[in-house]
Amino acid sequence: MQYWLLKSEPAAYSIDDLARDGRTPWDGVRNYQARNFMRDEMKVGDVIFFYHSNIKEPGIVGEGAVCSTPYPDETAFDAQDPHYDPKSSRESPRWYLVDICFKKKYACGLSLAQIRSVNNLCDMRVAQKGSRLSVTPVSKEHALVIRATVT
DNA sequence: GCCAACGTTGGC
DNA sequence: GCCAACGTTGGC
């Protein structure tokens with residue numbers, strides 16, 4: 001089983017939205033590395049650390065799980081959708097996604113500043129300067145430290 | 001709101 | 001295949 005970190009701007013989709021929905025297709029990702037992780041490496045049951053970005057105090061706020069196999073991102077086919085990509089077609093889809101399910105919202109999460117201040121977490125990809133990738137693998141070691149630190 | 005860092009596009 | 005220009009991300 002693998003661990004992942006998924007970034008989301010809470011204004012667009014927050015952990016509370018996921019708690020309400022229970023399950024959601026992680027659509028709109030338009031980055032090849034992120035797509036490859038979802039399409040080629042994610043497995044049902046993998047753990048998702050849910051990260052809020054682009055806010056005053058960014059950080060990990062809860063957990064979800066991968067709950068589908070990969071399938072094409074429908075929003076790429078919809079000309080009305082902000083993530084429309086005319087180069088993606090049903091015959092030859094360019095973008096793939098998985099569904100993710102809500103697991104828990106932390107009472108006390110882990111801010112980016114905290115992640116950077118913890119010796120065993122400061123080398124997480126998300127803590128690196130200029131890190132923009134919205135889907136990143138998390139090592140088992142990092143996952144254990146995260147889970148031991150949050151409540 | 002600023003701006004550095006990054007990924008993508010497209011002309012050549 | 002290079003690389004300048006552009007758009008976006010995301011911390012601050």
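Letters A, B, ... are given to chains in the order of the sequence lines, protein chains preceding strands, and every chain is numbered from 1.
Between A/Phe50 and A/Trp26, the two ring planes are perpendicular [angle over 60°; tilted spans 30° to 60°].
Counting only heavy atoms from C-beta outward, the side chains of A/His83 and A/Asp73 never approach each other to under 4.5 Å.
Residue A/Glu41 qualifies as enclosed at atom CD: its count of foreign heavy atoms under 6.0 Å is above 12. More than 12 heavy atoms of other residues, nucleotides or ligands lie within 6.0 Å of CG in A/Asp40, so this atom counts as buried by the packing criterion.
Listed by chain and number, the residues in a ring pair (Phe, Tyr, Trp, His ring centres under 6.0 Å) with A/Tyr32 are A/Trp95 (sequence neighbours excluded).
Of the N and O atoms on the side chains of A/Asp17 and A/Ser14, at least one donor lies less than 3.5 Å from an acceptor on the other residue. Defined by atom type and a distance below 3.5 Å, a donor-acceptor pair is missing between the side-chain atoms of A/Ser88 and A/Arg30.
Note on A/Arg30: nothing from the nucleic acid sits closer than 4.0 angstrom, heavy atoms only.
Using a 4.0 Å cutoff to heavy atoms of chain A, the contacted part of DNA chain C runs 5' to 3' from C/dG7 to C/dC12.
Residue whose closest nucleotide on DNA chain B sits further toward the 5' end, between A/Lys129 and A/Lys87: A/Lys129.
Applying a 4.0 Å cut-off to non-hydrogen atoms, the residues of residues 49-64 of chain A that approach DNA chain C are A/Tyr51, A/Ser53, A/Asn54, A/Pro58, listed by residue number.
Considering every non-hydrogen atom in both A/Ile60 and A/Tyr51, the closest pair reads N-CD1, 3.8 Å.
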